[in-house]
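Just below is one structure, and these are the notes that go with it.
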Amino acid sequence: MTDEISKQYSPKDVEERWYKFWEENGLFSSKVNPQKKPYVVLIPPPNVTGILHMGHALNNTFQDILIRYHRMKGLESLWMPGTDHAGIATQNVVEKSIAKEGLKRQDLGREKFIERVWLWKEKYGSTIIHQLRKIGASCDWSRLRFTMDEEYSKSVVEVFLRLYEKGLIYRGSYIINWCPRCHTALSDEEAAHQPLKGNLYYLRYPLNRDLSSTRGDLPDYIVVATTRPETMLGDTAIAVNPKDKRYKKLVGKTVTLPLINRQIKIIADSMVDMEFGTGAVKVTPAHDPNDYALGKKHNLEFINVMHPDASMNASAGKYEGLERFKAREKILEDLKGMGLLEKIAPHELSAGHCYRCHTIVEPYLSKQWFVKMAPLAKPAIKAVKEGKIKFYPARWTKVYLNWMENIQDWCISRQIWWGHRLPVYYCKGCNDEAGAIVSGVKPKHCPKCGSADIYQDEDVLDTWFSSWLWPFATFYWPQKGLSPKGTLCEEDLKYFYPTSTLVTAAEIIFFWVARMIMAGIEFQGKIPFRDVYIHGTVRDAEGKKMSKSLGNSIDPLEIIKEYGCDALRFSLISITAQGQDVFLSKERFEQGRNFANKIWNASRFIQMNLIPDSVNSDLCIFFKKEDLSLVNRWILSRFYSTLSEVEKYLDKFRFNEAANSLYGFFWHEFCDWYLEIIKPDISNPHNQLIMYKILEKSLRVMHPFMPFITEEIWQKLPHEGESIMVSSWPHLQKQIIDKKAEKEMSVIFEVIACIRNMRLALEIPPGTLDVGVKIYPSDNHNRILLESNLEYIKSLSRAPNLIIGERYQGLGKEYVNVLSGMHISIPLQGLVDIESYKVKIENKILKAQSDIKAKKSMLSNKDFINKAPKEIVEAEKDKLTALEKEVQKLRGVRDGFKA
RNA sequence: GGGCUCAUAGCUCAGUUGGUUAGAGCGUUGCGUUGACAUCGCAAAGGUCAGAGGUUCAAGUCCUCUUGGGCCCACCA
């Protein structure tokens with residue numbers, strides 16, 4: 001039967017089989033259970049347009065580890081999954097898809113277009129949900145939500161109404177970020193500022209001499225500097241700093257705006273930076289936020305010169321119809337022809353780009369809906385300051401607070417079709433846009449004039465206006481009773497909210513995390529989660545962000561195909577230090593694959609050597625620790641030490657440390673040492689029991705990291721229960737941690753390493769060379785070595801026969817190596833390179849002597865003796881003694897060479 | 001302009017509140033396969049912890065500055 005186990009772990013069928021088993025047996029699902037404490041993680045809902053990339057793989061592996069870990073620890077673990085309707089992104093995708101049929105959304109009309117989006121969503125929207133299954137995500141799929149679900153939309157409307165009633169939602173004309181390609185307003189966060197190589201254009205605006213009463217000592221022009229010359233068509237003033245001597249005389253004068261020939265005033269305002277450009281700034285109140293403020297303050301005219309697609313409109317005169325950058329060229333050309341273009345200087349600037357299509361956004365005056373944020377931010381700041389919500393790593397706290405303390409109002413209306421329609425209506429009869437009717441349902445009659453001719457606001461809400469409700473809208477708030485999925489809305493909310501841990505990337509702290517905290521406190525009166533773990537960004541080997549458009553991405557599904565899911569997960573986790581960016585190359589996944597294979601083969605070895613009934617549970621419980629051999633006590637101790645570390649690291653979100661701790665234990669301690677040592681005596685009942693126990697428990701601890709291989713092996717071993725994923729996390733038995741045994745084993749490792757070194761250094765071929773170990777009678781190493789049954793070394797190194805203690809006498813004439821407390825010797829006849837070995841010993845002596853010198857000077861320092869903790873001082877003293885002893889022995893060895 | 005972050009072995013990176021001889025993976029070199037695993041084992045070489053100063057009995061770790069990368073925020077026309 002054991003012959004059937006393949007020499008190599010092949011993940012393919014294993015992964016599919018067990019995932020199906022888990023899902024079909026309902027092991028992912030969770031429900032209200034008063035007996036247990038809940039542990040809840042909300043998935044950052046991927047966009048329905050999403051395709052699984054490495055960032056998802058990393059993000060969701062962290063979450064799955066936490067969920068599986070806490071589930072095994074006996075908590076009611078819920079990983080709430082779902083997708084985001086991603087307004088602009090999805091609309092763009094569908095627009096592209098209908099473009100293949102030669103259609104624009106306007107050709108279809110709103111209703112038909114939305115139908116197409118839903119069709120698209122049904123067909124492709126769950127791609128990423130299926131892909132998440134491939135990485136082993138143990139989400140409760142029965143609870144899957146979508147931010148455009150009918151029920152979810154009710155939460156969105158409810159929130160809008162409540163905020164409106166509180167006076168926190170208002171409508172107004174302001175300068176917003178406008179994406180001319182997507183045809184919609186964007187929030188400040190959605191307009192990502194990126195450096196741009198541009199120019200600073202110096203334009204001459206002719207001064208109106210005829211209106212001045214001066215003697216002609218005025219210049220012909222006032223020169224303004226701008227990066228966006230096309231907006232000059234909308235200029236309604238020029239501003240200078242009142243302190244600026246250069247322009248003092250000009251304040252109050254007028255200029256003729258070239259090309260348009262509008263008369264505009266020169267005004268003074270302290271907002272103007274005298275250092276920049278010429279110190280005179282053109283003011284375009286409808287196309288720049290600063291100018292807008294100036295316009296309000298100085299009562300200027302607001303002239304919008306662009307259409308929503310950023311082509312010039314009628315106010316642009318003869319430039320009407322030109323696209324903004326074409327208009328720029330033309331205007332510059334014309335100004336140049338008129339001698340009004342003074343110079344062009346290269347200028348680095350930063351401009352907002354649409355985060356969906358990367359078009360340069362246009363600051364644009366338009367009527368939009370906003371949420372007043374300051375009142376919402378206040379308690380959310382407090383919650384974090386009081387430590388109710390903690391960020392890991394902690395430095396993100398500052399980023400969060402800094403943003404929250406300077407928070408701006410949130411533009412929430414979007415001029416697209418795919419999304420939650422604003423619950424706002426207008427009466428055609430009144431024809432009064434200011435008299436908006438905010439209502440959850442369409443009013444039958446206008447409250448003012450009684451007209452039934454009522455229409456809904458065309459705009460939809462920002463996608464994030466639904467995402468920020470994720471922590472409670474997923475539990476159907478504010479609904480009561482039975483949900484469409486058969487869950488109890490209020491009970492669920494009460495039990496699962498607040499959630500436990502949020503795992504996400506830094507990019508969406510403002511978009512999502514901060515806003516969820518505000519919404520949670522505002523609408524539930526409670527924070528939405530306790531811990532926020534912010535992980536790094538996945539980058540390629542050159543440090544570039546992995547993205548499809550750059551063509552540098554590594555497809556996680558390809559990696560799963562080639563190396564297996566557990567390999568993908570383990571490699572990702574083990575190389576990702578807390579909060580640091582990850583630099584990935586394909587080779588990184590070999591480590592995970594190799595580890596999986598190691599686990600596989602160690603298990604295979606154990607299964608091949610496991611005697612039936614030797615590990616039944618009766619036997620397991622009734623053994624006395626003292627009866628166990630040193631190596632068994634040692635491996636038990638190391639297991640529980642490792643377990644303790646893994647728990648400590650997981651609780652602190654130091655996933656890589658936890659993974660590496662496990663890796664080191666299982667591979668280098670359990671496989672390399674323990675299994676090799678017990679191999680010759682593997683049928684010993686104690687050895688049988690302990691090797692099985694350590695394997696089985698290790699599998700459980702490794703399960704959250706590598707769910708598939710651990711399940712596959714666990715099922716083949718004697719086990720209780722239906723699946724490792726619902727087995728219990730090993731209980732940390734601190735009393736089994738045996739520092740003494742660990743120390744004693746380290747002596748043995750030292751002896752063995754020493755012998756191996758000697759053999760290699762002396763180029764002794766593998767064989768049956770006798771090695772003598774002489775132990776000083778007074779030294780307790782004697783006991784350790786005798787007890788440890790060093791015979792095992794024979795099989796380990798395939799080299800020497802070891803002779804211990806008295807039998808050493810007369811065996812070899814020369815000592816060739818020393819350890820504290822013992823001499824190890826090999827007879828020298830016939831050996832080759834003694835000279836090089838002597839050099840090595842000489843070097844060792846020199847090193848030890850220099851260490852001694854350093855230690856002595858340390859110990860003669862009164863401050864050290866007085867101020868350092870006693871243990872440190874004692875330890876240093878011991879070290880000095882040991883070093884001195886070693887030098888003495890090394891000299892003995894060196895002088896012992898006579899051959 | 002403000003803030004964050006990084007610089008440690010040939011490469012990619014760990015290193016927790018300062019306290020043994022600074023670690024891992026990959027790579028390199030040497031040795032090793034008759035029954036767990038060559039996706040393996042044993043070992044070796046390789047580091048003035050970016051530079052300068054400071055605090056301390058003690059600094060890779062804390063502070064200041066410098067140099068060189070990366071990121072975020074901000075209304076520099």
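Hydrogens, waters and symmetry mates are skipped; everything else that's a heavy atom, side chains included, is used. Quick note on labels: first sequence line is chain A, next is B, and so on, each numbered from 1.
Taking side-chain N and O atoms only, A:His347 has a distance below 4.0 Å to OP1 or OP2 of B:rA77. Checking the phosphate oxygens (OP1, OP2) of B:rC72, no side-chain nitrogen or oxygen of A:Arg395 falls inside 4.0 Å. Between B:rC40 and A:Lys598, no contact under 4.0 Å exists linking OP1 or OP2 to a side-chain N or O. Between A:Asn597 and the phosphate of B:rC40, there is no side-chain N or O to OP1/OP2 separation shorter than 4.0 Å. At B:rG23, none of the side-chain N or O atoms of A:His668 fall inside 4.0 Å of OP1 or OP2 (strictly under the cut-off). Neither OP1 nor OP2 of B:rU20 sits under 4.0 Å from any side-chain N or O of A:Lys855. In terms of phosphate contacts, A:Lys7 brings no side-chain nitrogen or oxygen within less than 4.0 Å of OP1 or OP2 of B:rU39.
Distance CD (A:Glu587) to C1' (B:rA24): 17 Å, rounded to an integer number of Å. A:Gln591 has its CD atom 11 Å from the P atom of B:rC40, to the nearest Å. As a whole-Å value, the separation of A:Ile694 CD1 from B:rA36 P is 20 Å. To the nearest angstrom, C1' of B:rC40 lies 9 Å from CG of A:Asn594. Separating the CZ atom of A:Phe864 from the P atom of B:rG19 is a distance of 13 Å, rounded to the nearest angstrom. Note: CG (A:Asp566) to C1' (B:rU39) measures 15 Å, nearest angstrom. A:Lys879 places its NZ atom 5 Å from the P atom of B:rU21, with the value rounded to the nearest Å. Here the P atom of nucleotide B:rU39 and the CG atom of A:Leu568 are 21 Å apart, to the nearest Å.
Across B:rA36, B:rC57, B:rG41, the shortest atom-to-atom separation from the side chain of A:Lys679 is found for B:rA36. Minimum atom distance to the side chain of A:Lys867 is reached by B:rC57, of the listed B:rA36, B:rC57, B:rA77. Among the nucleotides B:rU16, B:rC4, B:rA14, the one closest to the side chain of A:Lys398 is B:rC4. Which of B:rG19, B:rU16, B:rU39 sits closest to the side chain of A:Met858 comes down to B:rG19. Out of B:rC73, B:rG25, B:rC75, the shortest distance to the side chain of A:Tyr663 is found at B:rG25. You'll find that the side chain of A:Asn656 is closest to B:rA14, out of B:rA14, B:rC73, B:rA36. Looking at the side chain of A:Arg604, the nearest of the listed nucleotides B:rA36, B:rG3, B:rA14 is B:rA36. If you check B:rG3, B:rG25, B:rA77 against the side chain of A:Asp273, the one that comes closest is B:rA77. Taking the side chain of A:Ile872 as heavy atoms from C-beta on, and the options B:rC40, B:rG19, B:rC37, the nearest nucleotide is B:rG19. Taking the side chain of A:Glu657 as heavy atoms from C-beta on, and the options B:rC37, B:rG15, B:rC76, the nearest nucleotide is B:rG15.
RNA chain B is contacted by both A:Phe605 and A:Pro869; A:Pro869 maps to the nucleotide lying nearer its 5′ end (nearest heavy atom per residue). A residue-by-residue look at A:Asp863 and A:Cys671 shows that A:Cys671 has its nearest nucleotide of RNA chain B further toward the 5' end.
Of all heavy-atom pairs spanning A:Phe655 and A:Phe705, the tightest one is O-CE2, 4.1 Å. Residues A:Val305 and A:Glu230 share a closest heavy-atom pair of CG2-O, 4.5 Å. For the pair A:His193 and A:Ser350, the tightest heavy-atom approach, listed with the atom from each and the gap, is CD2-OG, 3.4 Å.
As judged by a 4.0 angstrom heavy-atom cut-off over every strand, A:Phe595 is placed among residues making no nucleic acid contact. As judged by a 4.0 angstrom heavy-atom cut-off over every strand, A:Ala225 is placed among the base-contacting residues. No engagement by A:Val873 is indicated, since no non-hydrogen atom pair under 4.0 Å with the nucleic acid exists.
Spacing of C1' atoms, B:rC65 relative to B:rG47, comes out at 25 Å, to the nearest Å. Across B:rA52 and B:rA44, the matching P atoms stand 32 Å from one another, rounded to whole Å. Separating the P atom of B:rC75 from that of B:rC13 is a span of 33 Å, rounded to the nearest Å. Only the P atoms considered, B:rG30 is 25 Å distant from B:rU48, to the nearest whole Å. The separation of B:rG32 from B:rU17, taken at their C1' atoms, amounts to 45 Å, rounded to a whole angstrom. Separation of the P atoms belonging to B:rG60 and B:rU16 is 12 Å when rounded to the nearest angstrom. Between the C1' atoms of B:rC62 and B:rC57, the separation comes to 16 Å (whole Å). Of the P atoms belonging to B:rA43 and B:rU5, the separation is 40 Å, rounded to the nearest Å.
Contact check on A:Lys652 versus A:Glu657 returns no salt bridge, with no Lys/Arg side-chain nitrogen under 4.0 Å from an Asp/Glu carboxylate oxygen.
In this structure the side chain of A:Ile381 reaches within 4.5 angstrom of the side chain of A:Leu401, judged on heavy atoms. Looking only at side-chain heavy atoms (C-beta outward), A:Ile694 and A:Phe665 come within less than 4.5 Å of each other.
Side-chain contact check for A:Asp188 and A:Asn177: at least one donor-acceptor pair (N or O, by modelled atom type) lies under 3.5 Å. When only modelled atom types and interatomic distance are considered, A:Glu742 and A:Ser641 share a side-chain donor-acceptor pair under 3.5 Å.
Below the 3.5 angstrom threshold, one finds no donor paired with an acceptor across the side chain of A:Tyr9 and the base of B:rU39. Taking 3.5 Å as the limit, the base of B:rA36 and the side chain of A:Glu676 contain a donor-acceptor pair of atoms between them.
A ring pair (Phe, Tyr, Trp, His ring centres under 6.0 Å) with A:Phe570 is found for exactly one of A:Phe595, A:Phe589, A:Tyr563, namely A:Phe595. Tested against A:Ile238, the residues A:Val272, A:Val223, A:Val255 include a single side chain to side chain contact (heavy atoms under 4.5 Å, CB included) partner, A:Val255.
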Dot-bracket for RNA chain B, please. Rules: Watson-Crick or G-U, both distances under 3.5 Å, ( ) within the strand, [ ] when a pair crosses earlier ones, | for another strand, . otherwise.
(((((((..((((.....[...)))).(((((.......))))).....(((((..]....))))))))))))....
